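Notes follow the structure.
We count ligands from 1, going down the list as the structure has it; atoms in each ligand are counted the same way. In this text, all values refer to a predicted model and were calculated from it rather than measured experimentally.
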Amino acid sequence: MNNFDLKNKTAIITGGAQGFGLDIAKTFLTSGAKVFIWDIDDAELSKAVKEIDNKNLDSNVVDVSKFEQVKDAVNKISSNNKIDILVNSAGITGPTAELWNYDNKAWSDIVNINLHGTFYCCKSVVPIMIKNNYGRIVNIASVSGKDGNANASAYSSAKAGVIGLTKSLGKELATYNIAVNAVTPAGAKTRILDQMTKEHVQRMLSKVPRGRFLEVSELTSMVCWLSSEENSFSTAAVFDISGGRSTY
Ligand SMILES: NC(=O)c1ccc[n+]([C@@H]2O[C@H](COP(=O)([O-])OP(=O)(O)OC[C@H]3O[C@@H](n4cnc5c(N)ncnc54)[C@H](O)[C@@H]3O)[C@@H](O)[C@H]2O)c1
């Protein structure tokens with residue numbers, strides 16, 4: 001993997017206890033950043049911190065769907081640190097079902113975590129980035145937000161919302177040295193796949209011209225560049241990483 005220079009940068013990564021978020025955290029640390037991983041899963045968070053064992057890594061139990069929790073965590077971090085990078089990776093897919101059979105509570109949870117969570121984190125962090133005239137935000141959306149997946153209407157809607165949020169916020173901040181971008185991964189083998197049926201996962205895979213799952217490290221590479229100073233022009237954009245499934 002290429003080296004990225006994130007020295008003297010402070011990053012918050014939501015959903016950082018495992019999967020994409022944790023892999024991004026590891027690479028940010030080796031690139032010189034100070035990293036705060038947030039997650040709702042206390043046990044996974046403690047395990048990750050213990051395993052990585054790096055003084056530049058800190059963690060907070062934060063439910064991103066609760067605005068007050070997000071705000072408090074940002075206030076604590078920003079009292080001693082600037083916040084240069086925000087990666088919104090916390091997410092759930094929810095169950096696999098047709099829209100007309102979709103459980104109302106499951107629908108709300110999916111939208112609250114994936115979309116409202118991204119909104120709450122951006123809303124809390126952006127004023128600090130504006131004050132410093134520096135920031136890089138990367139929102140982990142999904143190819144389902146572009147193409148729509150059958151039997152995943154809540155997830156597809158929430159991720160389409162994340163794409164819309166990214167385009168709006170990127171434009172609002174375009175005259176600052178702040179970049180806001182989204183990425184749209186295809187399926188990768190993380191724990192999130194356990195939330196869907198095996199048939200659904202197979203159907204997703206069958207749509208990918210590359211004919212395989214995305215490797216977590218491949219997503220991390222893209223996120224690292226988007227989070228670095230080198231990404232000084234691209235903003236309000238959607239970076240595709242769907243293995244050819246989506247061609248726009
Ligand atoms: N893996 C894939 O196939 C895939 C494909 C496209 C997009 N994505 C997106 O990538 C992101 C990361 O997913 P992943 O594959 O690493 O899954 P994962 O399940 O391994 O990690 C997601 C993390 O988010 C945390 N989380 C869930 N709800 C939360 C909340 N309310 N507050 C804080 N943390 C919460 C979980 O505890 C978990 O640690 C998600 O937004 C997901 O939608 C994943």
Mutual orientation of the aromatic rings belonging to Tyr120 and Phe67 [parallel < 30°, tilted 30-60°, perpendicular > 60°]: tilted
Contact (N/O only, under 3.5 Å) between Asp41 and ligand 1: no
Residue pair Asn60 / Phe36, side-chain heavy-atom distance below 4.5 Å: yes
Asn149 versus Ser156, side-chain donor and acceptor atoms under 3.5 Å: no
Nitrogen or oxygen atoms of Asp63 and ligand 1 under 3.5 Å apart: yes
N/O separation below 3.5 Å, Gly21 to ligand 1: no
Heavy-atom nearest neighbour in the protein, as seen from atom 34 (N) of ligand 1, with distance rounded to 0.1 Å: Ile40 N, 3.3 Å
Ala186 contact mode with ligand 1 (heavy-atom cut-off under 4.0 Å): backbone
Ligand 1 versus Tyr155: contacting region, heavy-atom distance under 4.0 Å: side chain
Heavy-atom side-chain contact between Ile85 and Ile13 under 4.5 Å: no
Mode of Val64 contact toward ligand 1 - side chain, backbone, both, neither (heavy atoms, under 4.0 Å): both
For ligand 1, the portion of Glu44 having any non-hydrogen atom under 4.0 Å away: neither
Region of Leu193 that comes within reach of ligand 1 [heavy atoms, distance under 4.0 Å]: side chain
